[in-house]
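Worksheet for the structure shown next.
Throughout, a chain's letter reflects where its sequence line sits, starting with A, and its residues are numbered from 1.
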Amino acid sequence: MGLTDLLSKYGSQYFQALLTTWRLTAVSFAGAFLIGILITVARVSPIRPLRIFGDIYVQIFRNIPGAALLILLVYALPYLQIVLPYDVCVTTATVLIPSAFCSEHLMSGMNTISPGQIEAARALGLTFLQMIRRIIIPQALRSSVLPMTNLLVATMLTTSLASQVPMRPRDLTGIVSYINTHDTGGVMAFVISAALYCLTALVIGKIGSLVDRKVRILR
Amino acid sequence: MDNQKNVPMIELRHVEKHYGDQHVLRDINLSVRKGEVVVIIGPSGSGKSTLCRSIKRLEPIDSGEILLEGEPIPQEGKKLAELRAQIGMVFQSFNLFAHRTVLDNITLAPVDVLKKSRKEVREEALRLLERVGVRDQADKVPAQLSGGQQQRAAIARSLAMHPKVMLFDEPTSALDPEMIQEVLNVIAELAQEGMTMLIVTHEMSFARRVADRVIFMDGGQIVEENTPELFFSNPESQRARDFLNSLHAE
Amino acid sequence: MRTGNIRDYLYEEPGPHTRKRIRIFTGIAILGLLALLGLIIRQFSETGQFNAKYWSFFTKWTTWRFLGEGLLTTLEAALTGSAISFTLGFLLMRGKLQGKIIRGISSFLIEFTRGVPTLLFIYFFFLVVPKTGWKPSAFWKITLPCAISACGVVAEALRSGVNAVPRGQREAALSLGMSERRTFYRVVFPQAFRFVIPSLIAELVIVLKDTTFAYVVSCADLMQNAKVLISNYDAMLSIYLVVAVIYILINYLLNTLSERIAGSQRRSVRTVTEINKGAAVHG
């Protein structure tokens, strides 16, 4: 099938799929960021059991393959009488995995802050919370812009997991396998989806490096 | 009023501290009067930095007492933060906040801790920067400044809190030789204005010039305490003599 | 300036009041986590998932041999895929240093492989490639797309490694009369390679994770063999959990190895800079 045939027949479905991928990416990233922050707070807290819990959480979701997690959620959880709808399973997987990486990025962002600055904040009479708000968080966020940009792209790639469950509307990967199993989409069907993924990644990357240039901390 | 005059600004009584097996502070007794400039010297590892840092409880002590104007320093929480705000400190490695401009570095604590108005603080900060000679660097971030400029900005940051006393923990040890003097001049000026100061340093001629009293530490102990004239010309203890000789040999 | 982890210096020595509060919250946290664990255990026991029939076959040698065979295929696919992606990545990295056209193509391929999900490449090999007449085996249908998907990232990692080699090294080699080519292969790249070993191991983890999609192309990897076991023993939850733990452990070990190497390199780099500094002062 040529490009024009494909677009006239499946154009609106591609558009739907693009929106689905975008929506999944945005929702997953927001969720991952939120959980990532909470896990990071637990990991740097002075409460040892919370630190250990946070570390284990990160190791699990950083190292589990997306497919394995999704299969557990979709096929294994029902045996515990926990039956989640397909889209919830997908979103859970695409939130949990990036959240672990998010926490790792935040940790290394914080690690760029020298001990001396923390001591100086203390010495000036800042309370612990003031120090966290004024010194730690701004520096950690500002030095993790690029890793977070990469994480957003990685999250988008992870949302292709949606194609592994019968979820409607289909995402950009799901639509391609649909077209190629029901029709002869050929190479072009892939090219369209790939181009849409790539363009999204490119835009994210550009915005990320613009923001980074603005907020980067000279050291 | 009379009573208060006799209370020392800083007083340490029987202060002890260990790092594991190491006995880093041994029965330290020391008091600094208002307006006095006390310089602590001694070989590295003698405990002089630890002593300086313990006054703000940047290093907790094992036993003994540390008092600011007769009041023991609190161990934690808001009270400790309030006390720290009253004691200025300048570090060996400047420790300016990397993400803020020089000006913001100075205004941050007065606004956040002392709850002063931003405008008032800003004007004073610029005056202080002028005074330490880095007014023209106000809008740069620390990494754009030389070490000497950073350290002078750090001094201005401390002064903006209107501290009752200033502590200097080897303020020139991390500086290139050509920048040491500009920082020492700023400190000497402060001394002349009557600021109460405790200075840990390796700069002997500077110590001789600004000190009202010199304290020589070795092995976690105060070995000798004297006026700079007597200490440098005729030290009482053998250890102090050895130390001064080793400096001349260099 | 950096010494260790922020966790070690974020807090000061606690006073008595703080210590008490930490103890209280530690107690609460332990209780909370135990409650969570209890909840999970209860759910398992109420649904009968602790029943011996779901776990007893794990004591059999054949179970582990079968899983082991799958794991071997997984590792084989991951290592082969990584080797291919390193080769492709290296070519793309070299391509970026060439003339305009080759550089443009290389940049495009790097961005393309980095921006497209592995699954899309897998579907391409699954659905389109066989129609062209070339019929790769299931192993290659999973290994090749995983390799292609990773090569852009590898190229970028190699490039940052090359950039991390001090410029003086290249200049010194050139001034000794070595050709550009020789300089790159004999002086610059060997050093760059050392810098990028950690990111290459991290990349191996990514490829290994991607190979779990092998079920799409029916390649008998760990995940696929787990499926066979499941239909044999009718034990979905236990087998998938064990398999997930195997994946997590392998990746954890690889990541730990990567971090260890990176850590020791940082230390040695620091020593080298200090030596250089010292030399500058004394010389």
Side-chain angles (χ1 to χ4, degrees), chain A residues 43-51 53 59-60 62-69 71-72 75-77 79-82 107 110-116 118-119 122 128 136 153 156-161 163-164 172-173 176-177 180-181 184-187 190 193-194 197-202, chain C residues 1-12 14 18 22 25-26 28-30 32-33 40 43-44 46-47 49 111-112 114-121 123-124 126-128 131 149 205 208-213 215-216 223 236-237 239-241 243-244 247-252 254-255:
Chain A
R43 291 174 80 194
V44 299
S45 77
I47 319 285
R48 249 183 87 82
L50 288 185
R51 281 189 180 195
F53 172 77
Q59 290 309 339
I60 288 177
R62 203 184 125 173
N63 289 315
I64 196 170
L69 179 57
I71 286 172
L72 273 176
Y75 298 110
L77 270 194
Y79 286 87
L80 294 176
Q81 275 159 17
I82 302 169
M107 288 294 267
M110 281 200 273
N111 275 326
T112 60
I113 304 167
S114 60
I118 290 170
E119 205 156 62
R122 227 172 256 155
F128 181 73
I136 309 286
V153 173
M156 176 186 76
L157 300 182
T158 312
T159 64
S160 65
L161 277 176
S163 64
Q164 302 304 295
L172 277 177
T173 302
V176 176
S177 78
N180 270 291
T181 41
T184 46
V187 182
F190 284 89
S193 272
Y197 273 120
C198 272
L199 284 177
T200 310
L202 223 61
Chain C
M1 254 333 285
R2 262 183 63 185
T3 50
N5 196 299
I6 178 108
R7 286 168 166 192
D8 306 331
Y9 52 79
L10 187 58
Y11 301 96
E12 53 187 315
T18 317
I22 290 176
F25 280 110
T26 303
I28 295 175
I30 290 176
L33 291 172
I40 294 171
Q43 201 70 18
F44 267 73
E46 275 189 358
T47 52
Q49 286 299 323
E111 293 304 323
F112 182 79
R114 289 205 315 166
V116 173
T118 313
L119 260 175
L120 205 57
F121 288 116
Y123 276 121
F124 186 79
F126 180 51
L127 299 169
V128 176
K131 287 182 188 156
S149 173
V205 170
L208 195 141
K209 282 190 197 165
D210 281 345
T211 62
T212 28
F213 289 119
Y215 65 83
V216 173
M223 196 56 111
M236 177 90 76
L237 185 70
I239 292 176
Y240 273 146
L241 268 182
V243 167
Y247 275 114
I248 291 170
L249 282 181
I250 293 173
N251 291 337
Y252 172 75
L254 286 172
N255 276 324

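Interface remark: A/Leu202 contributes side-chain atoms only to the contact with chain C (heavy atom separation under 4.5 Å). Only the side chain of C/Leu33 comes within contact range of chain A, with heavy atoms under 4.5 Å apart. Interface residue A/Ile60: backbone and side-chain heavy atoms are both found under 4.5 Å from chain C. Heavy atoms closer than 4.5 Å to chain A are found nowhere in C/Val243, neither backbone nor side chain. For chain C, the nearby parts of A/Arg51 are the backbone and the side chain; heavy atoms of each come within less than 4.5 Å.
Summarising the geometry, atom CG belonging to A/Leu80 is positioned 5.0 Å from atom CG belonging to C/Leu237; distances are rounded to the nearest 0.5 Å. Atom-to-atom distance recorded for C/Leu254:CG and A/Asn63:CG is 8.5 Å, nearest 0.5 angstrom. Expressed to the nearest 0.5 Å, how far CZ of A/Phe128 lies from OG1 of C/Thr18 amounts to 10.5 Å. Distance check, rounded to the nearest 0.5 Å: CG of A/Leu69 to OH of C/Tyr240 gives 13.0 Å. Distance CG/A/Leu77 to OG1/C/Thr47: 10.5 Å, rounded to 0.5 Å.
Note on ring orientation: taking the six-membered ring where Trp is involved, the planes of C/Phe124 and A/Phe190 are perpendicular (angle over 60°, cut-offs 30° and 60°).
Of the listed residues (C/Met223, C/Gln49, C/Glu12), the greatest number of heavy-atom pairs within a distance under 4.5 Å of chain A belongs to C/Glu12. The most heavy-atom pairs under 4.5 Å with chain C, out of A/Arg122, A/Glu119, A/Arg62, come from A/Arg122. Of all the listed residues (C/Tyr123, C/Tyr247, C/Tyr215), the one sharing the greatest number of non-hydrogen pairs under 4.5 Å with chain A is C/Tyr123. Most heavy-atom pairs under 4.5 Å with chain A: of the set C/Ala29, C/Pro14, C/Gly32, C/Gly115, this distinction falls to C/Gly115. Counting heavy-atom pairs closer than 4.5 Å to chain A, the top-ranked of the candidates C/Leu208, C/Thr212, C/Leu119 is C/Leu119. Note on A/Arg43, A/Met107, A/Met156: by heavy-atom pairs under 4.5 Å with chain C, the leading option is A/Arg43. Ranked by heavy-atom pairs under 4.5 Å with chain C, the first of A/Ser177, A/Ala201, A/Gly66, A/Pro65 is A/Pro65. In terms of heavy-atom pairs under 4.5 Å with chain C, the best-connected choice from A/Gly186, A/Ala76, A/Ser163, A/Ser193 is A/Ala76. Most heavy-atom pairs under 4.5 Å with chain A, from the set C/Phe25, C/Tyr252, C/Phe112: that is C/Tyr252.
The main-chain N or O of C/Ile6 is found under 3.5 Å from a side-chain atom of A/Asn111 such that the two form a donor-acceptor pair. With hydrogens and angles ignored, the 3.5 Å screen pairs no side-chain donor or acceptor of A/Arg48 with any backbone N or O of C/Thr26. Side chain of C/Tyr11 to backbone of A/Val44: a donor-acceptor contact under 3.5 angstrom is found.
Using a 4.5 Å heavy-atom cutoff, the side chains of A/Thr181 and C/Leu127 are in contact. No side-chain heavy atom of C/Leu120 sits less than 4.5 Å from a side-chain heavy atom of A/Ser160. Counting only heavy atoms from C-beta outward, the side chains of A/Ile64 and C/Asn251 never approach each other to under 4.5 Å.
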For the pair C/Phe213 and A/Leu161, evaluate side-chain contact (heavy atoms from CB on, under 4.5 Å) and give the outcome as yes or no after the intermediate values. CA-CA 10 Å; C/Phe213 289 119; A/Leu161 277 176; 3.8 Å; yes
Walk me through whether A/Tyr197 and C/Arg114 qualify under side-chain contact (heavy atoms from CB on, under 4.5 Å). CA-CA 10 Å; A/Tyr197 273 120; C/Arg114 289 205 315 166; over 6 Å; no
Before you tell me yes or no, could you show the steps for C/Asn255 and A/Gln59 under side-chain contact (heavy atoms from CB on, under 4.5 Å), namely the whole-Å CA-CA distance, both residues' side-chain angles and the distance that decides it to 0.1 Å? CA-CA 10 Å; C/Asn255 276 324; A/Gln59 290 309 339; 5.5 Å; no
Let's go through C/Val116 and A/Leu157 carefully: what are the C-alpha distance in whole Å and the side-chain angles of both, what is the deciding distance for side-chain contact (heavy atoms from CB on, under 4.5 Å) to 0.1 Å, and is it a yes or a no? CA-CA 7 Å; C/Val116 173; A/Leu157 300 182; 5.6 Å; no
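Of the N and O atoms on the side chains of A/Tyr79 and C/Gln43, not one donor lies less than 3.5 Å from an acceptor on the other residue.
For OH of A/Tyr75, the number of neighbouring non-hydrogen atoms (other residues, nucleotides, ligands) closer than 6.0 Å is 12 at most.
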